[in-house]
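Just the heavy atoms: all of them, side chains too, but no hydrogens, waters or symmetry mates, feed the values below.
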Amino acid sequence: MRIARFSIDGNVAFGAVEGDKPDELVLDIIKGIPFADFELSGTKVPLSKVRLLPPVLPNKVVAFGRNYAEHARELGNEVPEAPFAFFKPSTSVIGSGDEIAYPSFSQELHHEAELAVVIGRMCREVPRERVKDVILGYTCANDVTARDVQRREKQWARAKGFDTSCPLGPWVETDVDPGDLTIQLTVNGEQRQLGRTSEMIHPIEDLIVNISEAMTLLPGDVILTGTPAGVGPLNVGDEVAVTIEGIGTLTNKVIKRG
């Protein structure tokens with residue numbers, strides 16, 4: 001099931017996305033929230049008539065860096081032996097169609113296409129064999145990074161946590177095997193990144209075991225799983241799109257920060 005979060009006529013709701021052709025997609029409005037038992041209302045609205053919002057509002061976004069060997073090498077970094085985590089605040093999250101605001105304190109903004117895991121239930125110290133039980137589904141992400149700031153500052157808080165630096169969407173796909181999916185990113189239609197989730201150094205199970213040893217994960221929390229090689233610059237006016245096989249396409253435009 002594809003679960004979208006959207007607004008229509010000033011109201012916010014979740015809906016199940018139905019249909020195959022992009023111009024014929026409809027939303028069956030969900031009674032309740034997707035983190036508990038819910039029913040489909042049978043009330044349907046065309047996707048073209050709503051505004052897609054970030055598919056979830058996470059309490060926290062836990063991101064794992066350097067989880068693809070070629071990406072680590074392209075930036076001159078060593079491949080970490082253990083998962084390497086950092087955070088992006090909830091205020092960094094935007095949805096598909098929203099604008100990425102180029103931060104005034106950076107001169108080198110980069111894209112990073114990633115598979116995002118959405119947590120479906122509160123959990124802590126998750127054993128590896130139970131990881132699938134705590135996952136609601138998967139969505140597309142772009143870990144937008146102020147690369148010059150990342151190099152200059154030892155902490156990544158500003159480089160990766162500024163407002164609009166975490167596009168997520170367009171929806172959560174609950175029925176996909178994340179083990180070997182194609183991830184690609186284009187800028188203005190030109191392919192920049194192309195990889196497969198099977199190239200991760202540390203698979204999803206290891207990432208969730210690692211972080212849940214330290215902290216409680218809450219429904220709606222998001223885990224970013226790393227980016228394949230090919231990261232590169234974004235400029236004001238660019239349209240950047242992340243497409244993940246079996247999930248969908250996340251599209252955002254870069255604007256000058258006002």
Residue pair Phe162, Trp156: steps toward the ring-ring contact (aromatic ring centres under 6.0 Å, His included) verdict: CA-CA 10 Å; Phe162 59 89; Trp156 292 3; over 10 Å; no
Check whether any side-chain heavy atom of [X] lies under 4.5 Å from a side-chain heavy atom of [Y], and answer yes or no.
X	Y	result
Glu74	Val231	yes
Asn67	Thr227	no
Ile100	Ile255	no
Asp143	Phe64	no

Gln193 and its side-chain hydrogen bond (donor to acceptor under 3.5 Å, both in side chains) partner, picked from His111, Gln184, His71: His111
Using every non-hydrogen atom in the two residues, find where [X] and [Y] come nearest and quote the distance to one decimal.
X	Y	result
Asn142	Leu250	N-CD2, 4.0 Å
Lys88	Cys166	CE-CB, 3.5 Å
Ser212	Val126	OG-N, 3.0 Å
Ala141	Ala116	CB-CB, 3.9 Å
Gly120	Pro219	O-CB, 3.9 Å
Pro167	Val144	CD-CG2, 3.9 Å

How far does [atom1] of [X] sit from [atom2] of [Y], to the nearest 0.5 angstrom?
X	Y	atom1	atom2	value
Met200	Asp180	CE	CG	10.5 Å
Thr139	Glu114	OG1	CD	12.5 Å
Thr225	Ile208	OG1	CD1	10.0 Å

Taking Ile247 as the starting point, is it possible to reach Ile223 by hopping between hydrophobic residues whose side chains are less than 4.5 Å apart? yes
Should Ile29 and Val50 be regarded as members of a common hydrophobic cluster, given that ILVMFWY residues are connected when their side-chain heavy atoms come within less than 4.5 Å of each other, either directly or indirectly? yes
Within the distance-only criterion (no hydrogens, no angle test), does the side chain of Tyr102 pair as donor or acceptor with the backbone N or O of Glu108 below 3.5 angstrom? yes
Check: Ser7 side chain, Val12 main-chain N or O, donor-acceptor pair, under 3.5 Å: no
Please, which pairs that meet ring-ring contact (aromatic ring centres under 6.0 Å, His included) have at least one residue in residues 223-258, sequence neighbours excluded? none
Can you find a side-chain donor-acceptor pair between [X] and [Y] that sits under 3.5 Å?
X	Y	value
Glu239	Thr251	no
Arg196	Thr182	yes
Lys160	Thr145	yes

For Phe84, is the NZ or CZ atom of Arg66 found under 6.0 angstrom from the centre of its six-membered ring and inside 45 degrees of the ring axis? yes
Under 6.0 Å from the ring centre and within 45 degrees of the ring axis: does the NZ or CZ of Arg158 meet both conditions for the six-membered ring of Phe105? yes
Any Lys/Arg nitrogen of Asp221 or Arg121 sitting under 4.0 Å from an Asp/Glu carboxylate oxygen of the other? no
With Lys44, which residues qualify under side chain to side chain donor-acceptor pair (under 3.5 Å), at least two apart? Glu18
